[in-house]
K.L.:
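Structure provided below as structure tokens; questions to follow.
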Amino acid sequence: MQFNRYWVAFVGIFSREVRRFIAQHTRLLSALVRPMLWLIVFANGFRAALGVSIMEPYGTYITYQTYITPGLCCMILLFNGMQSSLSMVYDREMGSMKVLLMSPLPRSYLLFCKLLANAILALIQVYLFLLLANVVNVNLDWEAYVSAMPAILVIALFLGALGLLLSNLIKQLENFAGVMNFVIFPMFFLSSALYPLWKMKEASLWLYWICQYNPFTTCVELLRWALYQQINPAAIMILLPLTIIVCVLAVLSFSPSKGQRGR
Amino acid sequence: MIKISNMSYHIADKPILNQLNVSFNDGFNVLLGPNGAGKSTLVALLTHLCLPSSGTIEYHGVDLHLKPHDAMAKIGVVFQQPTLDLDLTVAQNLAYHGSLHGISRRQVMINAQPLLAGLDLLNRLNDRVRQLNGGHRRRVELVRALVHQPTILLLDEASVGLDNRSRMQILSYIRQLTTREHLCVIWATHLLDEIDNSDNLVVLDTGRVVAHGEASALKATHNVTRMSDLYMLLTNQGALNAI
């Protein structure tokens, strides 16, 4: 009976997130247009300049489009994670977060449900992007969709929890946009999403080390291997505990009274 | 029944509520006070959105701080600030709220049916909240607060922003419901025409309870006949008026 209450709550939270996602038509569009622009325009422009040699997990030479596809998938997850946190800040300011917090179920569980619901939505967006990527000859086996699923969910949870943690540290919606500029772009560009790190090492050693320790690099590499039905043990060993730690910190640091207007 | 004992709430050493000792019994209770008296803060504390700096709150003998989930299951709230999801329909908003209480969509609709009928909302069930006017939105919030069948209903300035007719309709509906369902209702307001002589009145001013009792008894004690005179006498509004 108790399990049933928890399940009903998760289904309710997930349904709400899906309905809001559908109601905000442009959200899905921008989630797909952004990486497609990178894949079609940016990758075509840079493919000649940035040749990619044979490297793991690829068994042969690959096109630049193929190389950046896992990074672009992670970009979708990053934007989705930050956007879901933005919506939590909005909910908190507009008062609708109170409805969630008035539930007799533990708040930690409810927040985790929100994170998981957004992670599942992000998974769907990544799948749609991978299907669209076929247009530019980034072809993946159907097994790739299955093998990448756990990796995508873990990465989405990690980035969503990171967004929630950030949203807990700021007071108002206006501040959140600024924080995003200092989080999304540095995380994305200082990673292996767009270029292999050995290329970065040739250019700048200190930048290489920053990229190496950037958790977003771990996300990209975990997904890169998972898309080719391979396991990246180092990435798993870093990302799994990191996801748990960030989830716990995000939930613990959540303050229901923060940022409420009109009191 | 709600029992508040020695409760204070401070923000950075500034007292917002000071040593509150008050009980709300089953029936219609009015929490009266001017803007800034601490009514919304008290509602936030009663709904566990804030924690008191000291003191306790008990719902039917259950300490809110020790067993918040048990207490939350018994409470329905209409906040001063609108909290409906504008992108969802009325039915979806109700189903979402029900799910957070572990109630299936089917059961939510069964519970909501008489409430929707009583508040003339049956034909608006599939409308997006964005399409509703302020009065209808407030009614939906009221249905939502009741759909999990709470025994305690908190309404924080629930009639603010509504026209007189809508205001009185909602108030009258809640009064009927209080008697019929034996609810403990706390109606926080600063509007004097919403108070009946038989109401249990708690007057809050600058974070303190300045009077507590049946409205008619309080008027008799202070030798006044009108509620506005009592209000002026008990709160800083009287001092402001004198200036």
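In the text below, chain A, chain B and the rest are named by the order of the sequence lines, each starting its count at 1. Values reported hereafter were calculated over all heavy atoms of this structure, with side chains retained and with hydrogens, waters and symmetry mates removed.
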K.L.:
Which of the residues A/Val11, A/Ile13, A/Leu110 is involved in the greatest number of heavy-atom pairs with chain B at under 4.5 angstrom?
P.N.:
A/Ile13

K.L.:
Which atom names give the shortest non-hydrogen contact between A/Val8 and B/Gly102, and what distance separates them?
P.N.:
CG1-C, 3.8 Å

K.L.:
B/Asp85 pairs by salt bridge (charged side-chain N to carboxylate O under 4.0 Å, His left out) with which of A/Arg20, A/Arg19, A/Lys98?
P.N.:
A/Arg20

K.L.:
Can you tell me which portion of B/Ser104 sits under 4.5 Å from chain A's heavy atoms? Options are side chain, backbone, both or neither.
P.N.:
backbone

K.L.:
Quick one: what part of B/Ala73 sits under 4.5 Å from any heavy atom of chain A, side chain, backbone, both or neither?
P.N.:
both

K.L.:
Mind listing the closest non-hydrogen atom pair of A/Pro104 and B/His101 along with its distance?
P.N.:
CD-ND1, 3.3 Å

K.L.:
Is the count of non-hydrogen atoms from other residues, nucleotides or ligands lying under 6.0 Å from B/Lys74 atom NZ greater than 12?
P.N.:
yes

K.L.:
State the CG-CE distance between A/Leu105 and B/Met72, to the nearest 0.5 angstrom.
P.N.:
12.0 Å

K.L.:
For residues 34-42 of chain A, tabulate all N or O donor-acceptor pairs below 3.5 Å that involve a side-chain atom, not counting sequence neighbours.
P.N.:
none

K.L.:
Sequence neighbours excluded, which residues qualify as ring pair (Phe, Tyr, Trp, His ring centres under 6.0 Å) partners of A/Tyr109?
P.N.:
A/Tyr6

K.L.:
Of all heavy-atom pairs between A/Arg107 and B/Thr47, which one has the smallest distance, and what is that distance?
P.N.:
NH2-O, 4.1 Å

K.L.:
Taking all heavy atoms of B/Tyr96 and all of A/Leu100, pick out the closest pair and write down the distance.
P.N.:
OH-CD1, 3.4 Å

K.L.:
So which of B/Lys39, B/His69, B/Arg128, B/Arg105 has the largest heavy-atom pair count under 4.5 angstrom toward chain A?
P.N.:
B/His69

K.L.:
B/Leu51 versus chain A, heavy atoms under 4.5 Å apart: side chain, backbone, both or neither?
P.N.:
neither

K.L.:
Could you have a look at A/Pro106, A/Ala23, A/Ser15 and say which one has the most heavy-atom pairs with chain B under 4.5 angstrom?
P.N.:
A/Pro106

K.L.:
Relative to chain B, which segment of A/Ala9 carries a heavy atom at a distance below 4.5 Å: side chain, backbone, both, or neither?
P.N.:
both

K.L.:
Considering all heavy atoms of both residues, which atom of B/Ser99 and which atom of A/Gly12 are nearest to each other, and what is their separation?
P.N.:
OG-CA, 3.2 Å

K.L.:
Starting at CD1 of B/Ile75, measure out to CE of A/Met102 and round the result to the nearest 0.5 Å.
P.N.:
5.0 Å

K.L.:
Checking side chain to side chain contact (heavy atoms under 4.5 Å, CB included) between A/Val99 and each of B/Thr83, B/Leu84, B/Val77, which is the one that passes?
P.N.:
B/Thr83

